[in-house]
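Per chain, numbering begins at 1; letters A, B, ... match sequence-line order.
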2 protein chains.
Amino acid sequence: MAERGRPRGFDRDAALDAATKLFWCKGYSATSIADLCAAMGIVSPSLYAAFGSKEALYAEAIGHYVKNYDAPIWGRLDATGKSARTSIEDWLMASAAILPATDRPGGCMVTLSAVGDDKTSELCDLLVQGRAESLRRIEARLDRAAAEGELSATLDLKGIARFYVGVHQGMSVQARDGATRADLEAMARSAMAAWDSLTGTKVSSS
Amino acid sequence: MAERGRPRGFDRDAALDAATKLFWCKGYSATSIADLCAAMGIVSPSLYAAFGSKEALYAEAIGHYVKNYDAPIWGRLDATGKSARTSIEDWLMASAAILPATDRPGGCMVTLSAVGDDKTSELCDLLVQGRAESLRRIEARLDRAAAEGELSATLDLKGIARFYVGVHQGMSVQARDGATRADLEAMARSAMAAWDSLTGTKVSSS
DNA sequence: TCCTTTTTGTGTTGATCGATACAGAAATAG
DNA sequence: CTATTTCTGTATCGATCAACACAAAAAGGA
C-alpha cells in the first residue's frame, strides 16, 4: 500500500522532536513559527501541512514529550514486587538522574509550562490535566499500597501524594536553574526522610 | 520643590502594580504592550515615558513583586526568639496561606517565571538570581542555627535548604493549579515531618 | 504518456508586535 | 502675559507575528 503524491521530504517524528525541545526550552508564547521552522529544518507551509497550526503542534509536542521523555520515569512507579516506598523513591531518584540531563532541556516540560504563558486555555487545560495526572498516579500507587496492607487506610493518601508531587515539581524548577544530579538526589532523599513520619501512626491533619 | 511641566495624570505605583499582576498571570512573552496599557489605564506613550521599555517595566515589576508581595513572607524567617525549625515552618505555613489568595495571581511570581519564557537573558538572569536568593536565605537561617548550637555543623545545610526551597516551589506550582490553603498547609507539614530525620545524627549524603 | 495527488519553495496576507513622532494640553518660571 | 517643560492622545512606524495562495516538483495510477 504505497502513498499517493509527492512523498514528504522530512522525518515527521524527528521534526516533532525538534519542535518539542524548542517549546520545552522557550515555552509556547516565546517560540515563533520561524524559530520552529529553523529548528525543524522545514518551511512554514510544510509545518502547517503536517501539523495544522502552532497550537496543534504544541499539543502534539506535549504528547510526544509525555510518551518519549516522561513515560520511562513513570515506569518505575508501577513495577511489581516493590513496596510503595521503594517505588516512589525510585521514581524520585530516576527523576533526579534525568531532569538535569545535558542532552535535553532541563526539568519537566509539563511542570515548567505551569507558568505564565497565556495559551488558549485549551492548551492550558492540557497542561493542568497533565499535572493532575501526576498526582493521580502517585495517589493510585498509595491506594494500592493501602489495599495490599502496606499502608494504613486511615492515612491522608492524597496529601502524601501531593507532597511527593510537589517535591518533584521543585526538582524541575531547580533543574532548570542548574541544580546537579547530586543536588536533586539529595532532595529526593530528604523527601523520603519524611516517609516514616507520614505513613506512621500519626493522623494526617489536625 | 515643585515639578516642572504638566503633571503625570496617573498613579505610577498603582500602574506598576497593575502591570506586575498582569506579568504575574501571563508571563513576559504572552503579555503585550496593549494588554499592559489596558490594565494600567494609560496609553503607550505614557507607559514608555514612565517606564522606558517592556523589559525595563518587567524588571521593575519583579522588584515591585519582591518588595510588596514576597518580602512579608520572608519576614517570618528571621524573626528573633524562634528556632530555625519554627521559623521555616512559619515561612512555609505563611506561604500556604497566601499563595492561593484569590485577590492576586496564584503562586510565587519569581518561581513560576522560572519557566520557558525566553526573555533577553538579562531578565532571565534576574529571575534566576531571585530564586538563588531564596536558597541563600534559607541556608543563612540554617547557618545561624548551626552557629547558635541548634543544629550540628556537620549537617548538609545547603541540601536541607534546597529541599525546603523545593517544597516551596512545588507549592507555587500547585497553587497555580488550584490547590487550596489546606492542601498547601498539608504539604508544609509533610515537609516538616522530615526535619528530625534531616537534622538528626544521620550524615547528609551517601 | 497523461492525470491525480501531495509536498515543497517563494512570496505574501492582514494582524499585531514593541516603540515613536507629533501636536495639543497642562503645569511652572520669569 | 510669554516661554519652557512635561505629559496625554492620535496616529503611525517598520518588524514580526501566525497563516496561507500559488505554482513548480515529485510521486503513483491509468
CH2-OH distance between B:Trp195 and B:Tyr164, expressed to the nearest 0.5 angstrom: 6.0 Å
Phosphate OP1/OP2 of D:dA19: any A:Tyr48 side-chain N/O under 4.0 Å: yes
Member of B:Gln169, B:Gln129, B:Arg131 meeting the side chain to side chain donor-acceptor pair (under 3.5 Å) criterion with A:Asp177: B:Arg131
Phosphate OP1/OP2 of D:dC7: any B:Ser46 side-chain N/O under 4.0 Å: no
Separation of atom CE in A:Met40 from atom P in C:dG9, rounded to whole Å: 14 Å
Side-chain heavy-atom pair A:Thr20, A:Met109 within 4.5 angstrom cut-off: yes
Of the listed nucleotides D:dA18, C:dT20, C:dG18, the one nearest the side chain of A:Ser32: D:dA18
Separation of atom CG in B:Leu36 from atom P in C:dT16, rounded to whole Å: 16 Å
Short side-chain N/O contact from B:Arg4 to OP1 or OP2 of D:dT4, under 4.0 Å: no
Sugar-phosphate, base or nothing in reach of A:Pro45, heavy atoms under 4.0 Å: base
Sugar-phosphate only, base, or nothing, as touched by B:Phe51 at under 4.0 Å among non-hydrogen atoms: nothing
5' priority, DNA chain C, between B:Ala34 and A:Ile42 [closest heavy atom]: A:Ile42
B:Arg8 side chain, from C-beta outward: closest of C:dT7, D:dT8, C:dA26: D:dT8
Shortest non-hydrogen separation from B:Ala194 to A:Ser190 and the atoms involved: CB-O, 3.6 Å
Residue A:Lys54, side-chain heavy atoms: nucleotide from C:dT8, D:dT8, D:dA19 that is nearest: D:dA19
Integer-rounded Å distance: C:dG18 C1' and B:Leu22 CG: 15 Å
Value in whole Å for how far the C1' atom of D:dC7 lies from CZ of B:Phe10: 9 Å
hbond_proxy A:Arg6 side chain to C:dT7 base (donor-acceptor, 3.5 Å cutoff): yes
Atom-pair distance (CZ on B:Arg12; P on D:dC7), nearest Å: 11 Å
Rounded distance in Å - CD1 (B:Ile33) to P (C:dT20): 10 Å
Value rounded to 0.5 Å, distance of CG in A:Asp183 from CZ in B:Arg162: 3.5 Å
